[in-house]
Structure formats: C-alpha cells, structure tokens
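Inspection log for the structure reproduced underneath, given as structure tokens.
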Protein chains: 2
Amino acid sequence: MPHTYEYPRAALTVDCVVFGFDEAELKVLLIRRGLAPFKGKWALPGGFVRLEETVDEAARRELSEETGLKDVFLEQLYTFGAIDRDPRERVVSVAYYALVKLAEHPATGASDASDAQWFTVAELPALAFDHADILRTALERLRGKVRYEPIGFELLPQKFTLSELQHLYEAVLQANLDKRNFRKKILSMGLLLPLKEQARTGAHRPAQLFRFDAKKYSALKKRGFNFEL
Amino acid sequence: MPHTYEYPRAALTVDCVVFGFDEAELKVLLIRRGLAPFKGKWALPGGFVRLEETVDEAARRELSEETGLKDVFLEQLYTFGAIDRDPRERVVSVAYYALVKLAEHPATGASDASDAQWFTVAELPALAFDHADILRTALERLRGKVRYEPIGFELLPQKFTLSELQHLYEAVLQANLDKRNFRKKILSMGLLLPLKEQARTGAHRPAQLFRFDAKKYSALKKRGFNFEL
DNA sequence: TCAAAAGTGTTCTTGATACACCCATGC
DNA sequence: GCATGGGTGTATCAAGAACACTTTTGA
C-alpha cells in the first residue's frame, strides 16, 4: 500500500551507539551489515522510525531487535541531517547512545541480526555511512557527561569495587586518577552503599563491594546537589 | 507533483528558540501563527525541511524567512519525536536555539511573517504545539552551557561593559553575582580585550568597553584551556 | 615468602567566597 | 553637591593535588 505526499520527504531513522565496559576497556557494539549499501561493513544498530512509535521508542525497538538489549540506559545524542549521508536517498537519523552493563549481558546479544560484536573504542573498524562521526560525537558526549552526572554506574554491574569504578573513569576520560583522591571524593558524596559482601577475585586481598544509591541521588539532586567528579 | 513511498513517513521540521538580551532581561522571539492549527497562538519560528538542504540549513533558512535574522549563533538542541505533537499528522521536529545580539537587530525583525515579537522569558504567552517543552529545554541548555562555553557574548553587542556582561549572566543563571569576584574571574581568563573607548550612558562614570577575543579563545582551547564561570 | 591489588592521612597549594569604600560623571 | 553606576584588594576558607606505605589474600 503506497503512501503519497504533496512534497518529497526524507526518511527518518534512529542509530544507537552502545557503550560497554569490560576489563578496563571501553567498548562499542557494532553490527555487520548484511545488505547493500556498505554490505559487509560494520555499522551502528538502527533502523527506520515507524509512524505509530515515538522516536525514543524506535531507538529502543531497534536496539532490542538488532542486539537483544532491553532496559538499558538510553539517551538522545544528536540528529544527523547531512544531505548525502545515505547514498540511496535522503535519510535523517536521530542518534542515541546507550550504556549497558556488559557483564550482565551476553557477549554478542541474543540477536537475530547476523553479526554483532563488541569493539574496543581504540580499535574500531571502518564504519558504514557517517557512523564514525556519530560514534565520535557519542564519545565526546559520554566523556563530558560522565563527569557531572552519575551515568558511569550504568556501565558497571550493580555490585562493584572502587577500583572497578576508578578504572571505568580512567578508561572513559583517558586519564590516570589518584587512588586516594578518587576514593575520598566519590565516598564523600555519600552515594555509594557498602555491601556486606566482598569481591574475591584472584590472589589478592578481597575488595569491598558497593552499589550506587539511586534513591539517595535523586533526593539529593532535588535539594540542589550536583554530582561532579 | 505527488511523491510516493512504500511506507508512510513522518514530516520533518525545524523549530528555533531565539534568545536575546536587553536591559537586564532574557528574551525569546515568538511568531504569531496566521494559519490553523493554533491559529493566532504564539509559536517558535520554524518550518519544513526540504530535501535539497541539510537540517542545519533548514533552520537557518526558516529563521531568516520568518524573522529576518541571519548570521547568528545557531546550535542544534534536541529532536522532539512524540507521536501527537502535531494534531494534523506525524511531525518530528529538530529544535535549534539561536543567540542574537538584540541591540544590533531591529526590534521585531525585517520579517515577512505577520507578527514577530520579543517576550521576556518570565512572561511567556501560551504556545502552540509542544513549543513550551522545546523552550524549556532550550533554557536549560542555555543555563548549562553558558557556564562552560563563552556563548554569552553572542547575546551582547561586540563592545560591552563588564557590568553588562555580569547582568547577562545574572539574567541567564537567575542568580546574583559578586561584582569584584566576577570581574576578577572573567578578566583572569585573558579573553576580554579592553578597548580605547568608553561607554557614556547617563549621569555616571563612563565604563570601560571590552570585546571578546575569539581568536585567543580558540588558541587557548586547543591547549586544553576550559572556559568556566 | 612473594606477588598483586586493597586500603588509608596529611601537607600544600589553589581557587572560591565574603566584604566596603572611593571615583568619575551629568544633572 | 548629590545621585548613580564604575572600579578596586584582602583575608578567610574549602577543595583539589601530590604523595608512600601497610594489609590481606592465594599461589
């Protein structure tokens, strides 16, 4: 059933930059394209926006369909509207970025998409369309936002050690942080709940486990508190 | 000449939140709608994106056509993609915000649009569509961004006094700032060039005029400098 | 007993805040 | 000469940065 309009219309898509964190490395989830154009090339998960869903819903649906990921942190990033970004026709894409707890999700997702794979952000393959631009924009946003919003926790398991948290920040910000100062600062905010358990991993002293206290954060935020690292 | 597509498509528009600053007041430029829906209501300037222009270009074109404003600071804000934001049909809108030097532009713009008018942000009329949401988002963005990027200068004439600059920040941030501390901080960045002229307005001591040194800022930025107020 | 990561305080420096008076001008 | 906004310096306090050793565990 064809649809006709008085004026020509751009197609509208969503694309998702999915970040994960694993073993001190920041990673991105890419999908190998099975169809032209850019067949065989790696690309961001995404697809067309349907009329009966919001743009946000489209992003969640495509993420779920192409990578199996659900209930993840997802936020709109930027809209890419260059004329020739898709060689076939005019396509405007609303980009999102997602943060997933990599340890709690299967390595490549329960996906019906042919091929999904995590890549270290420092070792990315060539990407289809303008997806390299989108990814760079997402990285800049993540680097900026992680410093003044407690979104880093979205990349860690619910229970984590202070060292894991520090390594996450070091990976995202590409900087070395002082262990004592980092702990002092993050603990002084009172947003980390120490758990009774300890992590026992390897031939070392076991580390205290914490979880992020989201309720306390939203209560503090209302009173004007600002997370800042 | 009708255009036919296999799947139905949303229409794509741009909307612009235009900020100005005048006499210690932050203002927004609105347009009175001449057509249904929301006929007679105030709305943000904006319109449909054409296939032969980028989304950014569409924003600039609509701004020029509806308000007469050209060569202003313009930055993408957010894309609004709720299903029923336009009662006629599915319309997704990429919102922008603009900062204009109000003193250097005519009060209501050399506009072909019937009716354009500046409103104080504290005294806004009811707005068409979801434009109140868009405007609120733009205000939040402006409040956030003005603190860590030197965009406030886009709202002032090229030559300005320190008091004018301070009043601008006080209006945007809705806070009172200490005069001495403000001057110390802003001058210590070395981004304001004192001019030889002085402002002579009223029965007071004339104030030193400055201009923002954009070249110096971009040079410093490359070396890792961060503007922050 | 060794390797490997966990944990812990103090000093110094820097930047933020608070605060009050004289200056130049037009009327 | 007075009203109005322009312009200036210091003392205090809080937060950030730099820095090294002991503890606990498994192998």
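Reminder, nothing fancy here: chain letters follow the sequence lines and each chain counts from 1.
Here the C1' atom of nucleotide D:dA18 and the CG atom of A:N176 are 14 Å apart, to the nearest Å. The interatomic distance linking B:N181 (CG) with C:dA20 (C1') rounds to 13 Å, in whole Å. Atoms CD1 (A:I186) and C1' (C:dT8) sit 17 Å apart, rounded to a whole Å. Rounding to whole angstrom units, NZ of residue A:K179 and C1' of D:dA18 are separated by 15 Å. Taking atom CZ of A:R205 as the reference point, atom P of D:dT25 lies 8 Å away to the nearest angstrom. Nucleotide D:dT8 holds its P atom 14 Å from the CZ atom of B:F182, rounded to whole Å. Atom CG in A:L187 sits roughly 14 Å away from atom C1' in C:dG9 (whole-Å rounding). Put simply, CD on B:Q208 is 15 Å from C1' on C:dC23, counting in whole angstrom units.
Checked against the 6.0 Å centroid criterion, the rings of B:F210 and B:F160 do not qualify as a close aromatic pair. Ring pair A:Y78/A:F80: centre-to-centre distance below 6.0 Å.
Mapping A:Q198 and B:E164 onto DNA chain D by nearest heavy atom places B:E164 at the nucleotide closer to the 5' end. With the nearest nucleotide of DNA chain C identified for both B:A203 and A:D178, A:D178 has the one nearer the 5' end.
B:R180 contributes a side-chain N or O that forms a donor-acceptor pair with the base of C:dA20 under 3.5 Å.
The side chain of B:H204 has D:dG5 as its nearest neighbour among D:dG5, D:dC19, C:dC19. Of the candidates C:dG7, D:dG7, C:dA24, the closest approach to any side-chain atom of B:R183 belongs to D:dG7.
Counting heavy-atom neighbours within 6.0 Å of B:Q158 CD, excluding the residue itself, gives a total of 12 or less.
A:K185 comes within contact range of the sugar-phosphate backbone alone, with a heavy-atom separation under 4.0 Å but no base atom that close. Residue A:K184 is classed as a base contact, given a heavy-atom separation below 4.0 Å to a base. A:S163 comes within contact range of the sugar-phosphate backbone alone, with a heavy-atom separation under 4.0 Å but no base atom that close.
Of the charged side-chain nitrogens involved, at least one lies within less than 4.0 Å of a carboxylate oxygen, so that B:K145 and B:E75 count as a salt-bridged pair.
In this structure, A:W42 and A:F119 have perpendicular ring planes: the angle between them is above 60°, well past the 30° mark.
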